[in-house]
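Structure record follows, encoded as structure tokens.
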Amino acid sequence: MNTPDTHPDPHGDGLGRHPGDAETHGQAMPHGPAHSAVDEEHTVHTHGEHAGHSTAMFKNRFWLCLALAVPVVVLSPMVGHLLGYHVPVFPGSAWLPPVLGTVIFGYGGLPFLRGGLTELRSRQPGMMLLIAMAISVAFVASWVTTLGIGGFELDFWWELALLVVIMLLGHWMEMRALGAASSALDALAALLPDEAEKVVADGTVTVRIGELSAGDVVLVRSGARVPADGVVLDGTAEFDESMITGESRTVSRSPGDTVVAGTVATDSTVRVRVEAVGADTALAGIQRMVADAQESSSRAQALADRAAALLFWFALAAGILTAVAWTLLGSPDDAVVRTVTVLVIACPHALGLAIPLVIAISTERAARAGVLIKDRLALERMRTIDVVLFDKTGTLTEGAHAVTGAAPVPGTSEGELLALAAAAEADSEHPVGRAIVTAAAHDAAARRLDLRGTDFRAATGRGVSATVEGARITVGGPNLLRELRLETPAALGPTVREWTARGAGVLHVLRDGQVIGALALEDTVRAESRAAVAALQDRGVKVAMITGDARQVADAVGAELGIDEVFAEVLPQDKDSKVVELQDRGMTVAMVGDGVNDAPALARAEVGIAIGAGTDVAMESAGVVLAGNDPRSVLSMIDLSRASYTKMIQNLVWAAGYNVVAVPLAAGVLAPAGIVLSPAVGAVLMSVSTIVVALNAQLLRRLDLSPVHLAATGAESGRAEARPPSVPPR
């Protein structure tokens, strides 16, 4: 996450505080019990062609209609003739297809009939009206044949049954895939405890989570989950936030830091003041975002809708022309048969699945890869991106301090220097102190010394001190040396100047008032960043970085990562102007930031990607939210966008192509040449077209969206080995 460039700290080193000190991570759960994936089936959509529909409704209708369709198809003379078998005959067998077909039409076809009526009333013909027209024509024509009216051979009961079953299956698959994206988030709600320990005047009292309100104080014991979003009031603990961010490392939270509902205090007990509950929590916002994404349209969906509208008029015109032409040719019977066949097979089985199914599977696959799509247009635009503009701090870098260098004076070893500094910092809650303690814990020589400090003291703006092995050890920044009128020892000068030149923060370690060494602390680059940059460039996408840091700091990070262009010393309010600058060069820009200081730039870019889901600003300004903090997830977006677009085009070509060829043949355009598409063959081809489109869309499930695998390129490997592990700070 981004933080202001400088903050006062007790070490006086200008390194700044921990990114979590004043930032909102903010995920939490809504009021009431979580609804499961099963409940998701009963969620009723309120927008679009699925208004008033639920996944369970389509599923139930599909299974019942499928069971009823089997005998209808088996007993169809048309199917028997086509497949070359003798249709079973028994008392009442001739009436079984009409009766069951009528039930299928009335029960299974009802959602499409209602949808078609709605489109007709709004004068916006589309997919539902086409389906309604086809099943209605098939229903009427089949009853006319069954009742022996006019002597027509238009037994479409089997085609009516299959048409309804296929369309129910398609809509069920679409809605189930869409629901999977949100059900993955709904599963987070199960992480919440049922009860919380609310702090009252005479101790604690156990209450239901739904009884908590903002301002309440709760006790979170070691091993327990946080019941609501809040701020730590008392105590320090390591929190496991992997269920929210996907990162396995625990995160330290101290007084003033925010904690996230559902995360676990792993080692200590803390008191937390509740800040947000119910619909005000960030996870509730994310859930709303996913719901909006499910209902949002896209250019591809709009294309499918337009295609359906054109196909309606095409089918209607073709039907009228067919009826007129065959009537004028003196074949009224053929006019009826050909017209009915045209209207039935013009129904967009395949077109109805071509785009929605691809979008649904893409949304689901993205969610399972930790990519939450707020705006489907963002997914479509990702394939056209020319440059990805990364914010630096907390995006390409860890946003947290780490010791990246130790320089002792002659007579003192690095292990001893780290051990003494860590002993002095052991009781410090400052992020810099914790970084030093962590560095010592990972150094074998420092661990062997196992030094302990006593009489800890902290001096704001100067540093900390403690008694270690009978000596007074002090750790501090430039202010400490100025106050004591000390200079950096000559032996350390070149190293310290090198650290300072690249933007590292420098702390000096003193023993009884004498400098015995210096430590460099920097905001380290994420290991994943190197892989992300290299893999993006391998895909022909330029990489740029933007930061408010000094030019030398930014250039050092850019050089290490091999970034194409670096924007440094940019104020948060000016970041969007850099996006405009790139756009003015004719580039399509994806901006990746944390959604706090980057909101204007996220909104300005063609695709705004908030990394590290959690802030309200991220959800409002970005079209995509990455659930974790891995910049390689951008690769998942690009590859998924390209693959889904390819599938959309393939399906549209196949679906539209079928209708363009089949309808004229069904109308009898080539009848003079002896080529006539029979109703049976046309219906079979229509079903085959649908199956091809559905299977083609399902191939998206084979797409590997793992950031680790996507970034595993030769360029990444070479680049990672060629550069040292440390990088300049923000």
Legend entry - Matching residue for Thr322 among Val340, Val336, Val342 - test: side-chain contact (heavy atoms from CB on, under 4.5 Å): Val342
Legend entry - Exam field: side chain Ser636 to backbone Leu705, donor-acceptor pair closer than 3.5 Å: yes
Inset, instruction - Determine the sole option in Leu168, Val165, Val164, Leu162 for which the side-chain contact (heavy atoms from CB on, under 4.5 Å) test with Leu66 is passed. - result: Val165
Legend entry - Pairwise distance CG(Leu700) to NZ(Lys647) - rounded to 0.5 angstrom: 6.0 Å
Inset, instruction - Please name the pair of heavy atoms, one in Pro97 and one in Leu75, separated by the smallest distance, quoted to 0.1 Å. - result: CG-CB, 3.9 Å
Legend entry - CD1 on Ile609 to CD1 on Ile385, rounded to 0.5 Å: 7.5 Å
Inset, instruction - Would you check if the side chain of Gln124 reaches a backbone N or O of Glu119 as a donor-acceptor pair within less than 3.5 Å? - result: no
Legend entry - Validation row: Val72, Leu96 side chains within 4.5 angstrom (heavy atoms): no
Inset, instruction - Might you work through the side chain to side chain donor-acceptor pair (under 3.5 Å) test for Trp157 and Thr146, ending with a clear yes or no? - result: CA-CA 10 Å; Trp157 289 120; Thr146 299; 2.8 Å; yes
Inset, instruction - Measure the spacing between NZ of Lys542 and CG of Asp386 and express it to the nearest 0.5 Å. - result: 9.0 Å
Inset, instruction - Let me know which of Leu389, Val579, Val387 forms a side-chain contact (heavy atoms from CB on, under 4.5 Å) with Met587. - result: Val387
Legend entry - Euclidean distance, Leu695 CG relative to Asn651 CG, rounded to 0.5 Å: 10.0 Å
Inset, instruction - Mind checking the CD1-CG spacing from Ile320 to Leu343? Nearest 0.5 Å is all I need. - result: 9.0 Å
Inset, instruction - Give the intermediate values and the outcome of side chain to side chain contact (heavy atoms under 4.5 Å, CB included) for residues Leu582 and Thr588. - result: CA-CA 8 Å; Leu582 291 171; Thr588 305; over 6 Å; no
Inset, instruction - Mind checking the CD1-CG spacing from Ile104 to Leu68? Nearest 0.5 Å is all I need. - result: 5.0 Å
Legend entry - Sidechain-backbone polar pair: Arg604 side chain, Val580 backbone, donor-acceptor under 3.5 Å: no
Inset, instruction - Taking all non-hydrogen atoms of both residues into account, name the closest pair between Ala132 and Gly116 and its distance. - result: CB-CA, 4.2 Å
Legend entry - Ring geometry between Trp95 and Trp143 (parallel below 30°, tilted from 30 to 60°, perpendicular above 60°): tilted
